[in-house]
Number of protein chains: 2
Amino acid sequence: MKTVTFKPRLGSRGRPEQSRAAILQAAVREFAREGVAGARTDAIARTAKVNKALLYYYFKDKEALYGAVLDQVFGGLIASVGEVLSLDLPPREKILAYAGAHFDYVASHPLYPRIVQGEMMGAGRGSPKHLEGIVARYFRPLFGRVADVLKTGQKRGEFRQVDPLHFVPSMIAIIVFYFTSAPVMRLMTGKDPLSPALVAARRAAVLDFISAALFLRPNGKYRGARK
Amino acid sequence: MKTVTFKPRLGSRGRPEQSRAAILQAAVREFAREGVAGARTDAIARTAKVNKALLYYYFKDKEALYGAVLDQVFGGLIASVGEVLSLDLPPREKILAYAGAHFDYVASHPLYPRIVQGEMMGAGRGSPKHLEGIVARYFRPLFGRVADVLKTGQKRGEFRQVDPLHFVPSMIAIIVFYFTSAPVMRLMTGKDPLSPALVAARRAAVLDFISAALFLRPNGKYRGARK
DNA sequence: ACTATCTAACTAACCAGTTAATTAATAACA
DNA sequence: TGTTATTAATTAACTGGTTAGTTAGATAGT
C-alpha cells in the first residue's frame, strides 16, 4: 500500500489517481454483482461519481477495465497469501496458515470470489482472453508453492499421499464456495452468512475439514471437530 | 360414457413438444455458456433451429425460459441423487453413494454446474426471483436428507462430529468445483479435464477426500490415498 | 500557453419482445 | 367422401428501449 508518492502532477485539475481508483473500485462492485455481461458502464460511472467518458480515458474499453479488475483481485490475493507462504513454518502449520490467509482474504473482500468464479468459468466470449494470463501470472505460481508444502509434508510422513493436482483445487473449493453461494446460504439459514460470527464458524469448519482430510494422525493425537 | 378424448392433439403441424425440447436444450447451452445476462435469445433460437418468436410462444419471456432451465437442471439432479438416498445402506456407504451419484450427474452434464453456480451467486438482478423457489424445492430437501445420513453416522460412532451445515456445503463444493473451473484446469494441466480418464481420477480424489474428512478410523483401519 | 483531466451530448449497434400473417392437422358437417 | 371451419404451430419482419463507445469541447494546474 503506497500512498506517499510525490507525483509529477502535470497540468490538470482534480486528483487523477483518485478518479482512476474510484472507477476501479466501482468496477469491482459492478462486475462482481452483475457479471461481465451484466455489468453496465453507466452504473460504474455513476457509483464512481465520474463521467462515463472518463472510463474510456483511463481504460481502452469495458474489457480492459475488466482486466484491470481481475489484476487487482488476483494481485491482492497472491500478495496476501504469498506472504504466509514465505514464512518458515513446518508443513502442518504452513498449510493451515495458507488456508487461513486465503480464507481471510476472501472473507474481507466478499465480492472477489464472485469475480474469480465468473472468470474461472470463462463466462462469455468464446476465448477467455484474460484467463490465460491470470493462470500464468497468479494461479500457476500459487499452485506450485502450495504443492511444494504438500510434498514436504508427505516426505516427512505428516500428510496423507494425496495428489496435489486434486487436493489443491479441493482446498480452494472449500475455502471459496461458502462465499460464492452466500445468497443460497442466506436463504437456507435465514441468517446473514457474512456476519462475523458465521464467518468465524465457517473458517473453523474449513480448517478442520482440511486438517482431517490431509493430516495423518499416527495414534491418539486427536482433535475432533466441535459441534 | 367416457369419451376417451385424452390428448386432444388439436390441429397443428410439426412436432410441438419436440420444438419445445429443442428450445430448452439450446437454452441450457446458452445460459450455461454465457450466463443469464450474457445469453442471447437469438442465439438460442438459432441453435434450436426455430424462429425466435417461438421462444415467446412457449415461454413468457427470457426469465421464464431461464426458470424452466433451472427446473430441468435441478429436477434432474434430485431425481438422480434422491434415488441413492432412498437406498437402505449403512452411513458410510450411503454418503459415498450420494457423493458419487452427485458427481456422476454433474460429470455427465458438465454444463449444469455452471448454471447452478451462476444461480447460487444470484448473478444479476437485485432479487434472485427463482432462487427462493429453488432452495425450497430442491436444496432444502436435499440438505435434510444428507444431514440425516450424517447424523446417523455420528450416532453410530462412525463419523466425526462435524456440523452438517458446514460439511454438506463443503462436500458439494468439492464435487462441483472441478467442473465449474474446468477452463482453468484445462490451462493448468494442458489436458482436457473432461476426458473420461481425468474425470475418473477426479471422482476417486473427491471420494477419498470426503472419506478422510468424515470417517473415523478407530485404529489401524487405514486406506491411504493412492498417488 | 500548454496539456492532463474531465464532461455533456450524441451515435450506432444491439437485443428482448411484438405483430400480423401463414401453414397444416384435425374436426364438423354435408 | 370430400369440403370447409377451426385452431395449434410457426415464421418474417418490425419496434423501441438500452448500452458500449465517441466527439468536441471545457476546465484548471504548471
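Proteins get letters first, then strands, A, B, ... in listed order; numbering begins at 1 in each.
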Whole-Å distance separating the NZ atom of B:K49 from the P atom of D:dA9: 21 Å
Whole angstrom is fine here: how far is it from CG in B:D61 over to P in C:dT18? 8 Å
Can you tell me if A:R186 has over 12 outside heavy atoms packed within less than 6.0 Å of its CZ? yes
Need one value for A:F59: base, sugar-phosphate or nothing, where a base atom within 4.0 Å counts as base even if backbone is also close, heavy atoms only. nothing
Look at the side chain of B:K52 and decide which nucleotide, out of D:dT19, C:dG17, D:dG21, has an atom nearest to it. C:dG17
Atom-to-atom span, CD of A:E30 to P of D:dA20 - whole angstrom: 9 Å
Give a yes or no on whether a salt bridge exists between A:K94 and A:D88, defined as a side-chain N under 4.0 angstrom from a carboxylate O. no
Spacing between A:R46 atom CZ and D:dT19 atom C1', to the nearest angstrom: 12 Å
Between P of D:dA20 and OH of A:Y56, the distance in whole Å: 6 Å
If I take atom CG in residue B:N51 and atom C1' in nucleotide C:dA16, what distance separates them, rounded to the nearest angstrom? 14 Å
If you define the side chain from C-beta out and look only at heavy atoms, does anything of B:Y98 sit under 4.5 Å from B:M171? yes
For the side chain of A:D42, counting heavy atoms from C-beta on, which of D:dT10, C:dA16, D:dA20 is nearest? D:dA20
Establish, with yes or no, whether the OP1 or OP2 oxygen of C:dA16 is under 4.0 angstrom from a side-chain nitrogen or oxygen of B:R40. yes
Is any side-chain nitrogen or oxygen of A:T41 closer than 4.0 Å to OP1 or OP2 of D:dG21? no
What is the distance, rounded to the nearest whole Å, between atom CG of B:L54 and atom P of C:dT22? 18 Å
Flag for B:T41-B:R46: side-chain donor and acceptor within less than 3.5 Å: no
Can you confirm whether A:R203 is buried at CZ, in the sense that more than 12 heavy atoms of other residues, nucleotides or ligands lie under 6.0 Å from that atom? yes
Please confirm whether the shortest side-chain N or O distance from B:Y57 to OP1 or OP2 of D:dT10 is below 4.0 Å. no
Using only modelled atom types and a 3.5 angstrom limit, is any donor from either the side chain of B:K62 or the base of C:dG17 paired with an acceptor on the other? no
Which part of the nucleic acid does A:A45 contact within heavy-atom distance under 4.0 Å: base, sugar-phosphate only, or nothing? nothing
In this structure, how many angstroms lie between the P atom of D:dA20 and the NZ atom of A:K60, rounded? 15 Å
Base, sugar-phosphate or nothing for A:A37? Non-hydrogen atoms, less than 4.0 Å. nothing
